Number of protein chains: 2
Amino acid sequence: MEILRLIKIKTTFSYEKLFFIDEMKRKVTLKQIARELDVSISTVSKSLRNSPEISEDTKQKVQAFAKLYNYKPNNIALSLKNKKTKTIGIIIPEIVHHFFATVISGIEQVANENGYNVIVCLSDESFDKEVINMEMLATGSIDGFIMSLSKETQLKKDFHHIVEVINQGMPVVMFDRITNDVFCDKVIIDDQMAAYEAVDYLINKGFKKVALVTTVDYVSVGKLRTEGYLKALRDNNMMAEEDMIVKIEDIDNCSVKIERLLEEQKPDAIFAVNELFAVTCIKMAAKMGVNVPDDLSVIGFTDGIISQFSSPAITTVSQNGIKMGRSAAKMLIDRLEMEEEDEHYRTEVIETHLVERESTPTL
Amino acid sequence: MEILRLIKIKTTFSYEKLFFIDEMKRKVTLKQIARELDVSISTVSKSLRNSPEISEDTKQKVQAFAKLYNYKPNNIALSLKNKKTKTIGIIIPEIVHHFFATVISGIEQVANENGYNVIVCLSDESFDKEVINMEMLATGSIDGFIMSLSKETQLKKDFHHIVEVINQGMPVVMFDRITNDVFCDKVIIDDQMAAYEAVDYLINKGFKKVALVTTVDYVSVGKLRTEGYLKALRDNNMMAEEDMIVKIEDIDNCSVKIERLLEEQKPDAIFAVNELFAVTCIKMAAKMGVNVPDDLSVIGFTDGIISQFSSPAITTVSQNGIKMGRSAAKMLIDRLEMEEEDEHYRTEVIETHLVERESTPTL
DNA sequence: TTTCAACACGCAAACGTTTTCGGTAGGGTG
DNA sequence: CACCCTACCGAAAACGTTTGCGTGTTGAAA
């Protein structure tokens with residue numbers, strides 16, 4: 001009750017206090033504290049920030065009172081004054097997707113470490129939603145963006161919304177699904193190289209008929225992984241046959257296309273550009289009595305839940321989402337907190353590696 | 001260039017314009033527009049909001065100018081003035097978890113529909129982080145919370161941080177991992193009933209030795225599901241044997257405990273309270289040469305990626321995360337946007353249902 | 001007694017809005 | 001010519017902070 005003693009210096013206090021009790025603990029402001037203690041707002045503010053301008057007496061009184069009523073400075077007011085919100089905006093195609101969830105997790109980690117919050121918007125693979133969300137956040141709500149392009153945006157190749165926010169002086173970091181048409185910091189993996197290594201691995205195991213299950217070409221990462229596949233074949237003096245490549249547009253007809261591939265081409269190994277395709281290959285194979293890995297080897301991409309828990313567990317290219325997220329957040333915060341602007345943009349490449357599991361021969 | 005004609009009315013304009021061009025498209029404010037057009041800030045504001053107070057001429061001029069320079073009102077300033085941020089805070093244990101990701105997705109949907117943003121914080125199952133995050137957001141950043149308790153919070157049973165923000169007048173909606181110790185809106189499933197139905201289903205299939213793989217009791221949903229299991233046995237005149245129940249503390253020793261259960265008790269069916277436990281049962285069974293579903297049936301909980309894609313696909317209690325998220329967001333926004341405060345809190349129960357797949361006999 | 005420094009504090013501007021209230025100029029009416 | 005009304009616009013407060021600067025008081029030194 002040292003606190004109360006300090007505060008009771010004011011005679012009017014006992015009366016005024018009723019106001020606070022009545023109002024419960026509803027958000028105290030500097031102004032209210034100032035009124036109660038009969039000092040100016042600036043005195044209160046300075047006291048709380050321990051300014052030498054203010055006498056020890058007053059400081060103690062104010063600090064005690066503030067603590068008693070659990071004063072916390074209002075974030076919005078601070079944001080307005082400082083012209084920075086200490087929050088970063090994330091725009092991704094969807095969140096119900098293991099890879100994107102891990103990236104968010106990574107971003108949140110370093111955001112938290114640096115006193116930032118993250119606000120998440122989902123584009124749902126839609127160009128329009130991506131644009132709307134960006135415009136919504138760009139008007140003061142956040143200090144910078146971390147984003148991965150929607151499929152539709154990649155298809156349209158329209159990036160004006162991104163260029164605009166960058167021109168407004170708001171930093172943007174793109175990850176995974178990026179474009180070279182806009183200049184900003186980027187975090188990616190070497191999709192082509194990773195795919196190359198996976199396919200090369202299969203070829204070195206002695207497989208002769210390595211098929212590819214991939215996406216349509218406008219998905220940037222899908223295209224790159226396809227190129228890696230082709231290059232690996234070429235470098236090993238193998239012919240890429242069109243029939244051994246299936247490109248899947250929407251997820252729904254995925255099964256039938258894969259089934260046809262298995263039936264007609266009878267590959268001895270498959271490289272799939274994501275884990276959903278990979279697990280579907282295994283499912284279809286099982287259905288047809290083809291044993292994985294004895295009769296067919298499968299390598300997927302993105303080391304997610306599916307790869308770990310399917311039976312057999314899937315050998316896969318691990319793409320460390322946490323690391324990508326952390327890296328992206330670090331790049332963004334670095335840029336936000338440096339004094340002079342730097343026109344030099346960086347692209348960080350996160351390393352990948354092959355996680356060997358049960359869908360490829362153990363030796 | 002109707003726009004330009006309108007604006008050129010001002011003679012000083014061509015000079016001032018240089019300022020803007022130089023500054024690129026950097027965020028225009030009312031004040032700047034006012035200066036350029038030589039009117040007051042209020043006139044600009046009113047013009048843009050189409051007030052009848054302003055003459056058509058001025059309105060057109062201002063609107064044209066604003067459009068040209070892509071004026072958008074600053075969100076932070078609006079938040080400060082209106083004392084509402086139009087963003088809702090989500091606090092969940094982790095995001096790399098299919099169920100929570102779906103809930104966020106649901107929340108984001110209705111948030112978006114109503115012009116709200118979501119800011120996501122992860123407690124990482126830690127009490128302290130949960131508290132810190134809440135305090136961080138409670139000081140003006142958001143209008144209300146949607147949250148699911150961390151394990152540690154459930155263990156400590158300390159909810160002062162939640163009660164505090166509620167007392168400050170900030171609405172909270174809890175989902176899934178809730179507590180009855182704080183009064184607020186809630187969205188849950190009937191965990192006990194859902195578990196009951198799953199176990200009852202197994203018993204009706206004729207299984208005599210139904211085991212349970214569950215969490216430790218302080219996890220609210222785990223406990224409820226355990227109770228459902230026990231009740232189902234009781235109602236079917238079966239004895240609950242202690243040896244048939246394994247409670248798993250941390251995920252790491254999950255495998256060994258399940259293996260021991262399979263070896264020592266040889267159950268003919270297992271009910272697992274989450275999909276991770278379920279898939280581990282199947283993996284262990286396979287390892288021991290026990291075939292699922294021929295020799296052993298398994299039912300899981302939470303219809304996530306694992307259940308869908310494991311082989312065999314897992315029969316499971318589906319817990320619609322999207323629906324829970326949508327419902328929670330709706331409840332919160334309803335409360336935020338109603339004029340007088342309502343002291344009456346609601347608890348919404350989202351229905352569940354059993355998704356029959358390959359881990360239980362097809363007939 | 002005067003002067004000057006140090007100390008302690010308040011004023012006011014600023015961040016970007018919205019909105020209430022006044023004020024002015026012009027034209028119409030008596 | 002006096003008056004009033006209307007149409008149009010601006011000043012200012014408010015939201016909650018921070019901070020540079022001005023000012024009053026006190027004590028001590030001259």
Side-chain angles (χ1 to χ4, degrees), chain A residues 9-10 23 26-63 65-66 69-86 138-143 168-169, chain B residues 9-10 23 26-63 65-66 69-87 137-143 168-169:
Chain A
I9 294 168
K10 297 286 315 163
E23 284 274 324
R26 226 171 185 97
K27 292 261 126 278
V28 190
T29 69
L30 288 186
K31 189 194 281 195
Q32 290 171 21
I33 299 185
R35 260 202 302 136
E36 302 294 314
L37 260 34
D38 209 29
V39 293
S40 78
I41 297 183
S42 19
T43 303
V44 178
S45 176
K46 286 169 184 167
S47 297
L48 295 178
R49 326 200 93 246
N50 234 321
S51 157
E53 263 184 290
I54 307 296
S55 73
E56 280 307 317
D57 261 14
T58 335
K59 276 200 272 194
Q60 286 198 19
K61 196 167 56 174
V62 172
Q63 288 172 4
F65 192 93
Y69 284 103
N70 194 28
Y71 169 80
K72 296 270 167 49
N74 181 299
N75 279 332
I76 299 293
L78 286 180
S79 297
L80 185 59
K81 177 141 239 308
N82 302 333
K83 286 166 147 296
K84 57 174 72 169
T85 62
K86 282 283 201 173
T139 61
S141 307
I142 60 165
D143 295 340
Q168 283 177 12
Chain B
I9 294 169
K10 297 287 315 164
E23 284 275 324
R26 226 171 185 98
K27 294 260 125 277
V28 191
T29 68
L30 288 186
K31 189 193 283 196
Q32 290 171 21
I33 299 184
R35 259 202 302 138
E36 301 296 312
L37 259 35
D38 208 30
V39 292
S40 78
I41 296 183
S42 15
T43 302
V44 178
S45 176
K46 288 171 188 167
S47 297
L48 295 178
R49 326 198 94 246
N50 233 319
S51 157
E53 268 185 288
I54 308 296
S55 72
E56 280 307 316
D57 261 14
T58 330
K59 276 199 275 194
Q60 286 199 20
K61 197 167 56 177
V62 172
Q63 288 172 4
F65 192 93
Y69 283 104
N70 194 28
Y71 169 80
K72 295 268 168 53
N74 181 299
N75 279 332
I76 299 293
L78 286 180
S79 296
L80 184 59
K81 177 139 240 306
N82 302 331
K83 288 169 146 293
K84 56 174 69 171
T85 61
K86 281 283 201 174
T87 91
L137 294 188
T139 62
S141 307
I142 60 166
D143 295 340
Q168 281 176 13

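Throughout, a chain's letter reflects where its sequence line sits, starting with A, and its residues are numbered from 1. Small disclaimer: the values here were computed from a predicted structure and weren't measured.
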[X] [atom1] to [N] [atom2], straight-line distance once rounded to whole Å:
| X | N | atom1 | atom2 | value |
| --- | --- | --- | --- | --- |
| A/L37 | C/dC9 | CG | C1' | 14 Å |
| A/R49 | D/dG20 | CZ | C1' | 15 Å |
| A/K59 | C/dC7 | NZ | C1' | 12 Å |
| A/I41 | D/dA14 | CD1 | P | 11 Å |
| A/D38 | C/dA8 | CG | C1' | 15 Å |

Can you name the atoms? Protein N/O to nucleotides 5-8 of chain D N/O, anything below 3.5 Å, with the distance.
none

Within the sub-3.5 Å range, which N or O atoms of nucleotides 14-16 of chain C have a protein N or O partner, and how far apart are they?
from	atom 1	to	atom 2	distance (Å)
C/dC15	OP2	B/K31	NZ	2.7
C/dG16	OP1	A/K83	NZ	2.9

Smallest separation among heavy atoms of B/L78 and B/P73, with atom names:
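Heavy atoms of B/L78 and B/P73 come nearest at CD1-CB, 4.0 Å.
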
Taking only residues two or more places apart in sequence, or in another chain, which ones meet A/L48 in a side chain to side chain contact (heavy atoms under 4.5 Å, CB included)?
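Residues passing side chain to side chain contact (heavy atoms under 4.5 Å, CB included) with A/L48: A/L30, A/V44, A/V62, A/Q63, A/A66, A/Y71.
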
Check side chain to side chain contact (heavy atoms under 4.5 Å, CB included) between A/L80 and all other residues, then give those that pass, not counting sequence neighbours.
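B/I76, B/A77, B/L80.
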
B/S51 backbone acceptor or donor facing B/K59 side chain under 3.5 Å
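Yes.
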
Scan residues 72-83 of chain B for pairs that pass salt bridge (charged side-chain N to carboxylate O under 4.0 Å, His left out), counting only residues two or more places apart or in two chains.
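Sorted result for residues 72-83 of chain B: empty, none.
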
Look up atom CG in A/D57 and atom OG in A/S47, then write down how far apart they are to the nearest 0.5 Å.
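If I round to the nearest 0.5 Å, the distance is 11.0 Å.
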
Check whether any side-chain heavy atom of B/Q168 sits under 4.5 Å from a side-chain heavy atom of A/N70, and report yes or no.
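Yes, side chains in contact.
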
So B/V28 and B/I33, do their side chains get closer than 4.5 Å, heavy atoms only?
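With C-beta onward as the side chain, the pair touches.
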
Under 3.5 Å, is there any donor-acceptor pair linking the side chain of A/K46 to the base of D/dT17?
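In this structure, the two groups form no donor-acceptor pair.
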
Could one point to a donor on the side chain of B/S40 or the base of D/dC9 with an acceptor on the other under 3.5 Å away?
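No such pair is found, so the answer is no.
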
Kindly say if B/S45 contacts the phosphate of C/dT18, meaning a side-chain N or O under 4.0 Å from OP1 or OP2.
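True: B/S45 side-chain N/O within range (under 4.0 Å) of C/dT18 OP1/OP2.
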
Any residue meeting side-chain hydrogen bond (donor to acceptor under 3.5 Å, both in side chains) with B/T85, in chain and number order, not counting sequence neighbours:
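In terms of side-chain hydrogen bond (donor to acceptor under 3.5 Å, both in side chains), with neighbours along the sequence ignored, B/T85 is linked to B/D143.
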
